[in-house]
Peer 1: 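Take this structure first; my questions come after.
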2 protein chains.
Amino acid sequence: MTATSQAEYKAKARIIKALAHPTRLFIVDELSRGERCVCELTDMIGVEMPTVSRHLSQLKNVGILEDEKRGAQVFYRVRVPCVLNFFKCVEAVQSNGKCP
Amino acid sequence: MTATSQAEYKAKARIIKALAHPTRLFIVDELSRGERCVCELTDMIGVEMPTVSRHLSQLKNVGILEDEKRGAQVFYRVRVPCVLNFFKCVEAVQSNGKCP
DNA sequence: TAGACATTTAGCTAAATGGCGAAGTGCTGC
DNA sequence: GCAGCACTTCGCCATTTAGCTAAATGTCTA
């Protein structure tokens with residue numbers, strides 16, 4: 001593995017890692033149905049707002065989500081919808097191995 | 001988020017987490033071109049064999065890879081090819097956000 | 001059966017991660 | 001202007017992760 005391709009795998013891994021957490025997976029799934037503000041997501045998830053905020057930052061920093069401030073609230077939405085395809089493939093891994 | 005769906009997200013996150021590492025991403029990419037034994041992969045990657053073996057175990061444990069022992073060697077291959085689609089989507093995240 | 005090779009497992013350490021509460025920032029409405 | 005809400009950042013701690021070396025397991029061949 002060359003130094004260059006090593007750096008490329010690292011960059012890609014960083015994006016996948018952003019999805020590799022139950023709470024962040026829930027967030028992406030929920031936002032696939034439309035934008036939500038941080039407080040709405042916090043109500044749905046069982047953790048404190050600072051924690052939710054940090055999960056959202058991670059997803060935004062790698063480019064999966066984008067945010068928009070409207071008044072005192074910040075609304076998040078999915079910027080790259082194809083990440084939702086991950087769910088189907090993950091289900092294939094979980095069950096029979098037959099890809100969709 | 002109900003306890004049930006929490007458990008489901010956790011199970012899915014575990015699979016995605018298995019992919020969320022540069023070395024494991026390289027392994028999956030390399031095995032997409034055909035099976036390889038542990039020593040071949042170790043030669044390509046710049047880390048010790050025990051480390052490679054543990055990466056392989058993680059990918060196998062979640063069901064992404066399967067292995068076959070032939071003589072003294074163990075060959076690994078991809079069990080669920082659709083995980084390769086992740087690469088294209090990750091590239092979309094990296095660039096313009098346009099899904100493939 | 002002994003020695004060499006391929007792989008996995010175990011034990012250790014350093015670094016990263018995820019949670020919390022407290023504190024800081026910024027907008028809104030009184 | 002200040003009280004209150006929405007959100008982010010900070011500092012802390014517990015847990016997990018990834019690497020290493022050493023040791024264990026399994027296979028082949030002389």
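Chain letters run A, B, ... following the sequence lines, proteins first, then strands; residues in each count from 1.
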Peer 1: Choosing from C:dG21, C:dG18, C:dT17, which nucleotide comes nearest the side chain of A:P50?
Peer 2: C:dG21
Peer 1: Does B:H21 place a side-chain N or O at less than 4.0 Å from the phosphate oxygens OP1/OP2 of C:dA16?
Peer 2: no
Peer 1: Which residues within residues 52-68 of chain B lie with some heavy atom under 4.0 Å of an atom in DNA chain D?
Peer 2: B:R54, B:H55, B:Q58
Peer 1: Return the minimal non-hydrogen interatomic distance between B:V47 and B:T42, and the atom names on each side.
Peer 2: O-CG2, 3.6 Å
Peer 1: Can you classify the ring geometry of B:F26 versus A:Y9 as parallel (below 30°), tilted (30 to 60°) or perpendicular (above 60°)?
Peer 2: perpendicular
Peer 1: Just checking B:R70: base, sugar-phosphate only, or nothing, at a heavy-atom cut-off of under 4.0 Å?
Peer 2: nothing
Peer 1: Send over the distance from B:K17 NZ to C:dT17 C1', rounded to a whole Å.
Peer 2: 9 Å
Peer 1: Between C:dT17, D:dT8, C:dT8, spot the one nearest the side chain of A:V38, thanks.
Peer 2: D:dT8
Peer 1: Roughly how many Å is it from CD in B:E48 to C1' in C:dA6, rounded to a whole number?
Peer 2: 14 Å
Peer 1: C:dC27 P sits how many Å from A:F75 CZ, rounded?
Peer 2: 15 Å
Peer 1: Closest to the B:M49 side chain: C:dG18, C:dA6, C:dC20?
Peer 2: C:dA6
Peer 1: Let me check something: do A:I45 and A:F75 share a hydrophobic cluster, defined by ILVMFWY side-chain heavy atoms less than 4.5 Å apart, either directly or through other members?
Peer 2: no
Peer 1: Could you check how far OH of B:Y9 sits from C1' of C:dG18, rounded to whole Å?
Peer 2: 19 Å
Peer 1: Got more than 12 heavy atoms from elsewhere within 6.0 Å of CZ, B:R79?
Peer 2: yes
Peer 1: What is the separation between atom CD1 on B:I16 and atom C1' on C:dT17, rounded to the nearest whole Å?
Peer 2: 17 Å
Peer 1: Short question: side chain of A:E40, backbone of A:C37 - any donor-acceptor pair under 3.5 Å?
Peer 2: yes
Peer 1: How many whole angstroms separate atom CG of B:L25 from atom C1' of D:dA18?
Peer 2: 16 Å
Peer 1: Mind calculating the distance between NZ (A:K69) and C1' (C:dT25) to the nearest angstrom?
Peer 2: 8 Å
Peer 1: With respect to the phosphate group of D:dA6, does any side-chain polar atom (N or O) of A:Y76 fall under 4.0 Å of OP1 or OP2?
Peer 2: no
Peer 1: For the backbone of B:M1 and the side chain of B:S5, can you confirm whether one donor and one acceptor N or O come within less than 3.5 Å of each other?
Peer 2: no
Peer 1: Return the 5'-most residue of the pair A:T23, A:G71 with respect to DNA chain C, ranking by each residue's nearest nucleotide.
Peer 2: A:T23
Peer 1: Looking at every heavy atom in both B:A18 and B:Q58, which two are closest together, and how far apart are they?
Peer 2: CB-O, 4.3 Å
Peer 1: Tell me whether the OP1 or OP2 atom of D:dG19 has a side-chain N or O from B:T51 closer than 4.0 Å.
Peer 2: no
Peer 1: Using whole Å, what does the distance between atom C1' of nucleotide C:dG18 and atom CZ of A:F26 come to?
Peer 2: 18 Å
